[in-house]
Amino acid sequence: MSDKPREQTAFMSLVAGLRAQELQVELRGSPERQERLYPYTPPIPVDAEIEIEGVAGFVDHTVVPAPQEDPRRVATQDTVAHELIGRLQELAAQAPGGGLWLSISAEPWLGARKKERERLYGRVVAMACKAVARGKPFVDLRDLPRGAFPLSTIGFCVPPDANHRVTIGFNDQVVGWSGRMTAHGRWTCTVGELRPSIGRAVEGKLKKQLARVRAVEPDKPIGLLLDSRPMQGGKGKPEPVFDLPALALGALLTEIAQDWPGVLTKAWLLSPQGLTSVYGGGDSFAW
């Protein structure tokens, strides 16, 4: 497997999540990195071979990229995430599951002076302390932020390892999507601006990389593991990922897959809330 922490922990979480659904799962290897174990020349560009309920298939990992944002906001998000991760790492070890996830807005920190920024950091840390002390997710409705900002929320998670106990998602990004219930009681989503922004990276996987795998293996299942967990990158800064709701991401995948029929069999979303099936097989987590 890859030596990248994000990819390693993603496949570990996929296997654990599928087993939690009482499925028989085995990670068999990596066609891309273990060329000698596979009869493909040239090697096929896919991260892993996974057997689910006795059926072997290929799975590729990719992050859900953040839409293009104001560089000033992105820089503020980097600074805020880096600061809060450092302040909350020790507290997170005491949380249920051993980890904390935060959903916050970077807007209050934009242009704020040092004293105000410290006050904001202190408020988030105080909320996290209350959440851990009470043992349940927490939103402090008595201390609302000034301005029309989304509420900060503190929750719990199982971290991928002891060095990544805190995950932070910013909830003030704006993209064009909407959802509604149909007359038949089904949820439908209009992806709007998602496809040319977030969808572009996913579509690139299907029409290039995974299409090459399908050309070599026309019958095997091919899956995509979409990763929206906020994690620190190589330089200590959070990677630009977007925690898109599973229903919206599923609608986006369905639209893209229709343009590339037969390529994708299954897709899962790995988010701070856990593993979700977002394409193929309805609510089933198997192929």
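Just so you know, residue 1 is the first one in the sequence shown, and it goes up from there.
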Trainee: Is it the case that over 12 heavy atoms from other parts of the model lie below 6.0 angstrom from the CD atom of Q24?
Mentor: no
Trainee: To the nearest 0.5 Å, tell me how far M127 CE sits from I154 CD1.
Mentor: 4.5 Å
Trainee: Write out all pairs satisfying salt bridge (Lys or Arg N to Asp or Glu O under 4.0 Å) with one or both partners inside residues 86-95, taking only residues at least two apart or from two chains.
Mentor: E83-R87, R87-E118
Trainee: What's the separation between atom CH2 in W109 and atom OG1 in T76, rounded to the nearest 0.5 Å?
Mentor: 10.5 Å
Trainee: Check the pair S284, K266 against side-chain hydrogen bond (donor to acceptor under 3.5 Å, both in side chains), reporting the backbone distance first and the verdict last.
Mentor: CA-CA 10 Å; S284 172; K266 187 70 183 177; 5.1 Å; no
Trainee: Could you tell me whether the side chain of C157 reaches within less than 4.5 Å of the side chain of T167, counting heavy atoms only?
Mentor: yes
Trainee: Could you check whether R33 pairs with D47 (Lys NZ or Arg NE/NH1/NH2 to Asp/Glu carboxylate O, under 4.0 Å)?
Mentor: yes
Trainee: Quick one, T153 and L102 - any side-chain contact, counting heavy atoms below 4.5 Å?
Mentor: no
Trainee: With a 3.5 Å distance limit and no angle check, can you tell me whether E217 reaches the backbone of V213 through a side-chain donor-acceptor pair?
Mentor: no
Trainee: Report yes if some heavy atom in the side chain of I104 is under 4.5 Å from a heavy atom in the side chain of I168; otherwise report no.
Mentor: yes
Trainee: Does some side-chain heavy atom of Q209 sit less than 4.5 Å from a side-chain heavy atom of D60?
Mentor: yes
Trainee: For W101, which residues count as a ring pair (Phe, Tyr, Trp, His ring centres under 6.0 Å) partner, sequence neighbours excluded?
Mentor: none
Trainee: Applying the 4.5 Å side-chain criterion to the ILVMFWY set and letting contacts propagate, would M12 and L275 be lumped into a single cluster?
Mentor: no
Trainee: Could you check whether any side-chain heavy atom of E35 comes within less than 4.5 Å of a side-chain heavy atom of P43, counting everything from C-beta outward?
Mentor: yes
Trainee: Do the charged groups of E116 and R119 touch, with an N to O distance under 4.0 Å?
Mentor: yes
Trainee: For the backbone of R229 and the side chain of R6, can you confirm whether one donor and one acceptor N or O come within less than 3.5 Å of each other?
Mentor: yes
Trainee: So, does E203 use its side chain to make a donor-acceptor pair with the main chain of W260 at under 3.5 Å?
Mentor: no
Trainee: Working to the nearest 0.5 angstrom, can you tell me the gap between S30 OG and E7 CD?
Mentor: 7.5 Å
Trainee: Rounded to the nearest 0.5 Å, what separation is found between the CD1 atom of I50 and the CG atom of L27?
Mentor: 5.0 Å
Trainee: If we ignore hydrogens and angles and just use 3.5 Å, is the side chain of R165 paired with the main-chain N or O of G98 as donor and acceptor?
Mentor: yes
Trainee: Below 4.5 Å, heavy atoms only, C-beta onward: do V202 and L253 meet side chain to side chain?
Mentor: yes
Trainee: Using 30° and 60° as the class boundaries, would you call the ring planes of F58 and Y40 parallel, tilted or perpendicular?
Mentor: perpendicular
Trainee: Less than 4.5 Å apart, any side-chain heavy atom of R214 and any of I222?
Mentor: yes
Trainee: Should we say atom CD of E51 is surrounded by more than 12 heavy atoms from elsewhere, each under 6.0 Å from it?
Mentor: yes
Trainee: Using side-chain heavy atoms (C-beta onward) and a distance below 4.5 Å, is H61 in contact with L225?
Mentor: yes
Trainee: Any donor-acceptor pair under 3.5 Å linking the side chain of R19 with the backbone of V25?
Mentor: yes
Trainee: Between atom CG of L226 and atom CG of L270, what is the distance when rounded to the nearest 0.5 Å?
Mentor: 9.5 Å
Trainee: Looking at V278, L14, D227, T276, which one forms a side-chain contact (heavy atoms from CB on, under 4.5 Å) with W268?
Mentor: L14
